[in-house]
Every structure is written in C-alpha cells, then in structure tokens.
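One structure is given here, and the rest of the page talks about it.
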Amino acid sequence: MTDISHDRLLIIDFGSQVTQLIARRLRELNVFCEIHPYQNVTDAFLAEFAPKAVILSGGPDSVTRAGSPRAPKALFEYGVPVLGICYGQQVMMEQLGGKVLGGKISGGGGTAEFGRAYVEQANDLPLLDGWFKDGKEQVWMSHGDHVSMLAPGFEVYGTSPNAPFAITGDASRNFYAVQFHPEVHHTPNGAKLYENFVKLAGFSGDWTMDAYREQAIEAIREQVGDKKVICGLSGGVDSSVAAVLIHEAIGDQLTCVFVDHGLLRKGEAEEVVTMFRDNYNMQFIHADEQELFLGELDGQSDPETKRKIIGRLFIDVFQKHASEIEGAEFLAQGTLYPDVIESVSFSGGPSVTIKSHHNVGGLPEKMGLKLVEPLRELFKDEVRALGRELGLPPSFIGRHPFPGPGLAIRCPGEITRPKLEILREADAVYIDQIRKHGLYDEIWQAFVAILPVRTVGVMGDGRTYDFACALRAVTSVDGMTADYYPFTHEFLGETATRIINEVPGINRVTYDITSKPPGTIEWE
Ligand code: XMP
C-alpha cells in the first residue's frame with residue numbers, strides 16, 4: 001500500500017465563510033490539511049492529530065463577548081508554527097496577553113473595516129518574502145473588532161489605515177497573525193503568505209492528487225466495510241468520478257444506477273453505458289424509463305411543474321432499482337465542497353450543522369441509507385484532476401455541466417418526442433461546431449434550446465413553417481453568474497446555416513446574449 005502518512009496542517013475553524021478557501025490554497029501547495037470546528041479541537045485532539053502547523057480561521061463572533069470561541073490552551077505551548085487570520089488573530093492576542101477592541105458590531109468604540117484595503121510594510125519578516133515589491137499590498141479586510149494591544153513578544157510588520165496591527169508576529173515562536181484574509185482572491189498576493197508559512201513550518205509539499213486518491217480509497221474502505229453501496233449515475237463529471245473512485249476502493253460492492261429519463265443529449269445514454277459497464281466492468285443498472293417520464297410530462301408546460309415531476313419520478317425509479325440490491329446500506333453522491341455549507345453553531349451548543357446539497361434529495365433518510373461523499377473536500381477543477389488521475393478520458397472529464405432535468409428545461413412549453421428529437425440533432429451540430437473551432441474548453445456551458453414558436457421561412461422554392469431555436473453559450477466560474485460568449489459573426493452565421501441545412505424541423509436560429517443575472521443559464 002502506498003504510504004499515505006504526510007505532514008499534516010490543522011485548520012481550526014471559527015466559522016468563517018471562507019475557511020474552505022484556506023484549505024484550497026494549501027492543497028495548491030501540495031500540503032495536506034484538515035478543517036476541524038473549534039469545539040472539537042481539545043488539547044487531547046491536538047496531541048492525537050499531531051499537526052506540523054496550525055491555522056486559526058476567521059469567524060463571525062467577537063472575542064470581547066463572554067463565552068466566545070477560543071483555541072485549545074495547549075496550542076500555544078505545543079511548539080509548532082501558528083497563523084491566525086482575522087478572528088484567529090484576535091483569539092491569539094486575547095489568549096497570549098494582548099487586547100482586542102470591540103468594533104461597531106460588538107458595541108465597542110473600535111473601527112470596523114470591510115472590503116479592499118492597502119497594507120504597508122513596517123518591518124522585514126520571512127513570512128513576507130515576495131510581498132511589498134511594489135510598495136503597498138492590496139488585502140481584503142472583513143472585521144468588526146481589531147487588536148488594540150499586542151501580546152508580549154509580538155511585533156508589527158504591516159499596517160493599514162484602519163488596522164495598525166494588520167500583520168503581526170512573534171518570529172521567535174513562529175506565531176503570526178494577520179487582520180485580513182489572505183485566502184480570498186481580493187488579496188491578490190495572499191497565496192504567497194501561505195507558501196511562506198508552510199515553508200517556515202517545514203512542509204515538503206508532497207501531497208498530490210495521487211496521494212489524495214490513496215487516502216480517499218482507504219477512507220471509503222474503512223467507512224463501508226463489507227456492506228454495499230449504490231450510486232446514482234447521471235453521466236456528469238462529479239458522479240462519474242465518485243463512482244470510479246468508489247469502484248476502485250470496493251469493486252463489486254458498488255452498484256451504479258443510471259436513470260435514463262429520455263431527456264438526455266444525442267448518444268449520451270450509450271456513452272455512459274459503454275463507459276461504465278464495458279470499460280470499467282461495474283455492476284450497472286441501466287433503468288430505461290423514457291416512457292414513464294415522457295408520459296407524465298405529456299401536456300405539461302410550466303417549468304416548475306416539469307422540474308417537480310422529474311425530481312419525484314427520479315426518486316421513485318432510483319428507489320425501485322436500489323431496493324433490489326440486497327444489503328445496500330450506503331448511497332454514494334458526488335457532492336463537492338461548494339455544495340457543502342458547513343457552519344459552526346454559535347448559539348451555545350457544541351453541535352456542528354452540516355447542510356449538504358443532496359443530488360437525490362430526501363432519498364438517504366427515506367431509504368435509511370448512509371452517505372458516502374468522497375469528493376466533498378474538492379472543488380470542481382480538483383475533481384477533474386482526480387478524474388484524470390483515475391484514468392477517465394479527458395473528453396469525458398472536460399464535458400460541460402448538464403442539469404438533472406436534462407432537455408426538459410431546454411424545451412420551453414410542451415415537451416413532445418418530435419421536439420426532443422429536433423433539439424438533440426440541433427444541439428449535436430452546435431457542439432460539433434464549437435469543438436471544430438477549438439472553443440469547447442473556453443466555454444463553461446453551451447447548448448441549444450428549442451423555442452415554442454414556429455416561424456415562416458423559405459428553402460429552395462418552398463415555404464417552411466418550422467421551429468425557431470436559440471443557441472446559448474456562457475463563460476462562468478461557478479455557474480452563479482455568467483456572461484454570454486462573444487462568438488464571431490462568422491461562427492454564428494456558419495452554425496446557423498449548418499443547423500438549418502442539417503436539422504429538419506428548424507428554420508430559424510437566434511443567439512441568446514443575456515448574461516446571468518438578469519437571465520439564468522438554462523431557459524427554465
Ligand atoms: P441556472 O439556469 O440556474 O443554472 O443559471 C446554473 C447551472 O446549474 C445547472 N442546473 C442544474 N443542475 N439540476 C442540476 O443538476 C438542476 O435542476 C439544474 N438546474 C440548472 C445549469 O445547467 C447551470 O450549469
């Protein structure tokens with residue numbers, strides 16, 4: 001077995017919205033880290049975890065409030081480098097003998113600071129190697145309170161107009177504390193601080209995707225034991241990578257259920273079946289339920305009604321097939337980090353509320369299943385890297401996202417089989433055009449929507465009365481906001497001609513130039 005014992009960095013989470021980004025920055029440096037809510041990090045936990053360095057995250061509370069969160073007492077005697085960020089800085093000052101002044105939020109007289117700020121260097125420090133090359137550094141501040149007196153041994157290394165102690169440290173103990181958030185993009189040089197910190201702590205940077213894969217496989221084996229796992233496979237990147245990873249861990253203890261609702265793209269069902277059943281030799285159920293879905297959708301044109309019908313039927317069908325798998329105790333899902341909202345309860349209880357986005361919502365409880373979510377620490381591009389590591393074909397890994405309700409939400413108005421057929425053909429031509437022009441990877445998502453309107457045209461000597469369609473292509477980082485893709489007129493003209501010539505049933509092509517917001521990416 002590959003050696004998976006690596007130097008570990010512990011992130012103590014005080015509930016900041018951006019704690020996950022600290023982990024992300026560290027993985028980019030090939031450093032293994034784990035995030036643990038502060039309530040769980042006792043002196044005993046610390047000794048057992050044996051971190052090589054510790055980062056204290058930001059958080060919404062005020063250290064001036066009685067009962068507010070603290071780091072474990074043993075931390076500052078433990079002898080490893082510590083970096084405190086925002087609330088983490090204030091915790092360090094408070095616990096090490098300094099003072100924090102409450103700001104507007106906690107009712108004190110201190111200054112609050114939210115947004116972009118500029119820090120100037122006050123002293124040299126190895127943590128700041130590569131910083132202040134151009135004088136000031138832009139940072140992102142988000143604090144109500146601020147440090148008003150440094151703890152003994154600390155010095156100031158950087159100041160901003162509203163944070164005289166923006167960067168502080170006690171170099172003899174390798175304790176560092178910053179008021180801003182180096183992990184966010186608005187601190188453009190922030191990654192360098194993390195790089196310097198892990199270098200000071202002696203990390204060798206040997207934590208790769210290969211190591212992640214080995215560790216994830218071990219964790220899956222440990223969680224599942226000799227029980228069985230079912231996985232709802234959509235053919236999308238996330239569930240595919242999760243399935244291949246779990247299959248590598250437990251082989252035939254995994255069964256994948258692929259629900260074909262008749263709303264897939266051209267050739268998609270065959271592609272998924274070939275990939276998983278034939279290439280990976282997985283236990284695989286191909287639930288061909290086109291009749292059921294299209295039957296129930298017949299005559300429905302309201303977007304929410306369509307979505308609800310599809311969601312309900314998907315659960316019914318999945319459950320029907322899954323219940324035939326004897327001994328299944330786990331449900332695998334390709335949940336990613338951004339889907340997971342992990343928050344610490346500040347209302348007094350020690351509980352950690354973890355709210356997951358369930359791809360097959362409600363199922364685990366209904367069926368008494370436990371979840372296996374091996375991707376929940378990863379971001380989308382990391383999942384793609386893991387997929388490459390697992391040997392999934394690049395063309396599969398790089399595919400554009402495809403929504404669960406499929407073509408139903410790209411067919412405004414009534415869904416009919418002939419319309420779906422026309423849509424599939426038009427979409428295939430459009431994607432072929434995009435690939436031929438080498439644009440596929442530049443675009444977050446591209447598709448055709450068939451419009452519920454027929455228009456008059458002329459082809460050859462004859463009149464046509466066919467459907468109009470809309471082409472959609474957007475760039476995006478996470479699907480939350482999007483810009484339309486600026487195709488050239490030549491590309492659009494060529495594509496329109498090809499679609500009209502090659503797809504019977506369409507005689508008019510439009511290009512959707514709406515950004516999100518105010519539009520959405522899908523049409524429904
Ligand atoms: P919208 O249309 O909301 O889409 O701007 C944002 C992203 O989410 C995808 N999408 C879905 N994905 N189930 C999914 O798995 C859904 O019901 C769903 N609706 C939208 C959409 O394709 C885009 O990538």
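These numbers come from the heavy atoms of this one structure, side chains and all, not from hydrogens, waters or symmetry mates. Order of appearance sets the numbers: ligands from 1, and atoms from 1 within every ligand. Not measured: the values here are computed from a predicted model.
For the residue pair S16 and S57, no side-chain donor N or O sits within less than 3.5 Å of a side-chain acceptor on the partner. Looking at T305 and Q300, their side chains never bring a donor and an acceptor atom within 3.5 Å of each other. Side-chain contact annotation: T514 with D512, donor-acceptor N/O pair under 3.5 Å present.
Annotation: salt bridge (charged side-chain N to carboxylate O under 4.0 Å, His left out) contacts of D278 (sequence neighbours excluded): none. Partners of F293 by ring pair (Phe, Tyr, Trp, His ring centres under 6.0 Å), not counting sequence neighbours, listed by chain and number: H261.
Remark: ligand 1 atoms within the under-4.0 Å shell around heavy atoms of R307 are 16 (C), 17 (O), 18 (C), 19 (N), 20 (C). Close approach of ligand 1 to T520 is summarised as follows: ligand atoms under 4.0 Å from at least one heavy atom of the residue are 1 (P), 2 (O), 5 (O). Taking a cut-off of under 4.0 Å to the non-hydrogen atoms of K516, the atoms of ligand 1 that pass are 1 (P), 3 (O), 5 (O), 6 (C).
Considering backbone and side-chain atoms alike, I409 places every N or O at 3.5 Å or more from each N or O of ligand 1.
At a heavy-atom distance under 4.0 Å, only side-chain atoms of P405, from C-beta outward, approach ligand 1.
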